[in-house]
Protein chains: 2
Amino acid sequence: MVTENLEKLSTKEKIIKIGAEIIVKEGLRKFTAKNIADKLGITDAAIFKHFKSMDDIILEIIDKYVSKCSQSAIEAVEKGHTVKEKLELLLRAHIDVLEETRGAVPVLCFELSRSEDVKFKSILSNFVESYKEKISRIIREGQMEGSIKEDLDPEDVAMFFIGSIQAKVFAYVISGKEGRIIEDPDQFISIIFYGIMKR
Amino acid sequence: MVTENLEKLSTKEKIIKIGAEIIVKEGLRKFTAKNIADKLGITDAAIFKHFKSMDDIILEIIDKYVSKCSQSAIEAVEKGHTVKEKLELLLRAHIDVLEETRGAVPVLCFELSRSEDVKFKSILSNFVESYKEKISRIIREGQMEGSIKEDLDPEDVAMFFIGSIQAKVFAYVISGKEGRIIEDPDQFISIIFYGIMKR
DNA sequence: AAGCTAAGTTAGTTATACCTAACCTGAGGG
DNA sequence: CCCTCAGGTTAGGTATAACTAACTTAGCTT
């Protein structure tokens, strides 16, 4: 369990960090007040002095990620000169946010997308939809200028981007390793752009 | 909820079908005896006349998938003449098993890979490991004969394959759609092989 | 020094999950 | 025609999660 530099944080921030870590390493079923409290050396009841419900903790974790991701996507589009550069900037920014939040949100995205809870469902699907929309717009631009294959459906490609990151989190989670989720961003981006075949 | 042709099955088979469907559509948290029983029009206690525990239901779902997948991977290697053909056969066979089981096992793979339960952890990680091993062997062969980029790590490529299927299940689950998980297998394989850029 | 408050504590309440025990019933075999 | 037993039922035991109420305490303000 990565708990480096946890001391200097407030209890509320610690709850969020530990909570995210639990979601990734142990799964939503272990995301309980008692589990978090035990790791912090307090009681479960104390959790509710900082958050009014367990759902509220999850909402804050998601909110942080979504706002950072959306922001950096906008910046990528502004700063990139070519389509390829835009996509690359977008992916690299996304990877940074992903590493910073230890992959918690893609995990939540998956686990909560089927939740009966309308609150989670709408927040996450709105995020995915708007992110997908941003990417498809770049893809369409690339198809117009001839750098991206015309026979691909832009929305499918956008989902392939999101899915590829999701897949990396999956591999990371399954491997049980510590350290970075995407060890070699260059290779990751290269496979997405040009595949695995030499041609 | 897809419940076509459920009538002719035995209750035990119905439990497996409905159970898998719940895992994909509603998540592991809703995979409860009561939820399954309600959908079958029986009581929760009746479930335990067919399975001695809830875990046993999951084990049977996984077992079916793992054995089919492993079998078809062996066949793909035998039947394919070139490396490309082998990989394509392997992917197509995997897609078939995936569609047949409605994506339940990749979901389980993800949700249970972090379970404290040694039983699940080892079954699933053994499956992923051996499957990964089978793919990396083909990739290495491809690198030897020069059809696959030499600078790629075979194990990473293998995980990219598994991850890409996982990603499709994510997209399917998130979209909430019915129908096939991978709508266009040709395009799916093409992106994996050659990426999205025209070059 | 008095008192307020944030952040703990303990000890519950309520809901729900898994699973068991004991009972019931209807169809098929002897 | 009765017996067996698979596959149901109801009722309930046990564990655990979310959350609450009431109390405590340390630190800060006035």
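Below, chains carry the letters A, B, ... as their sequence lines are ordered, and counting in each starts from 1. Everything quoted here is computed from the prediction, not taken from an experiment.
Distance NZ (K34(A)) to P (dT10(C)): 12 Å, rounded to an integer number of Å. Whole-Å rounding puts the I47(A) CD1 to dG8(C) P distance at 9 Å. The distance between atom CG of L28(A) and atom P of dT16(D), rounded to the nearest whole Å, is 19 Å. Distance, I42(B) CD1 to dA6(D) P: 16 Å, rounded to whole Å. Put simply, CD1 on I36(B) is 14 Å from P on dG8(D), counting in whole angstrom units. Rounded to an integer number of Å, the gap from CZ of R29(A) to P of dA15(D) is 19 Å. Across the protein-nucleic acid pair, D56(A) atom CG and dC19(D) atom C1' stand 13 Å apart, rounded to whole Å. Atom CE in M54(B) sits about 7 Å away from atom P in dC19(C), given to the nearest Å.
Residues meeting the salt bridge (Lys or Arg N to Asp or Glu O under 4.0 Å) test with D186(B), sequence neighbours left out: R92(B).
Within 4.0 Å (heavy atoms only), F31(A) reaches sugar-phosphate atoms of the nucleic acid but no base atom. Within the 4.0 angstrom heavy-atom criterion, base atoms lie near A46(A).
Using a 4.0 Å cut-off between charged side-chain N and carboxylate O, K14(B) and E21(B) make no salt bridge. A salt bridge links E111(A) to R114(B): one of the charged nitrogens lies within less than 4.0 Å of a carboxylate oxygen. Between R180(A) and E183(A) there is no salt bridge, since no side-chain N of the basic residue sits under 4.0 Å from a carboxylate O of the acidic one.
Contact annotation: T11(A) reaches the phosphate of dG8(C) (side-chain N/O to OP1 or OP2, under 4.0 Å). A close approach under 4.0 Å does not occur between any side-chain nitrogen or oxygen of H50(B) and OP1 or OP2 of dA6(D). OP1 or OP2 of dT9(D) lies within a sub-4.0 Å distance of a side-chain N or O belonging to T43(B).
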Legend entry - Protein proximity profile, nucleotides 20-28 of chain C - base contact B, sugar-phosphate-only contact S, no contact -, cut-off 4.0 Å on heavy atoms: B-B------

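Between M159(B) and V128(B) there is a side-chain heavy-atom pair separated by less than 4.5 Å.
Tested against I18(B) for a side-chain contact (heavy atoms from CB on, under 4.5 Å), the candidates I22(B), I15(B), I16(B) yield a single pass: I22(B).
Side-chain contact annotation: N35(B) with E26(B), donor-acceptor N/O pair under 3.5 Å present.
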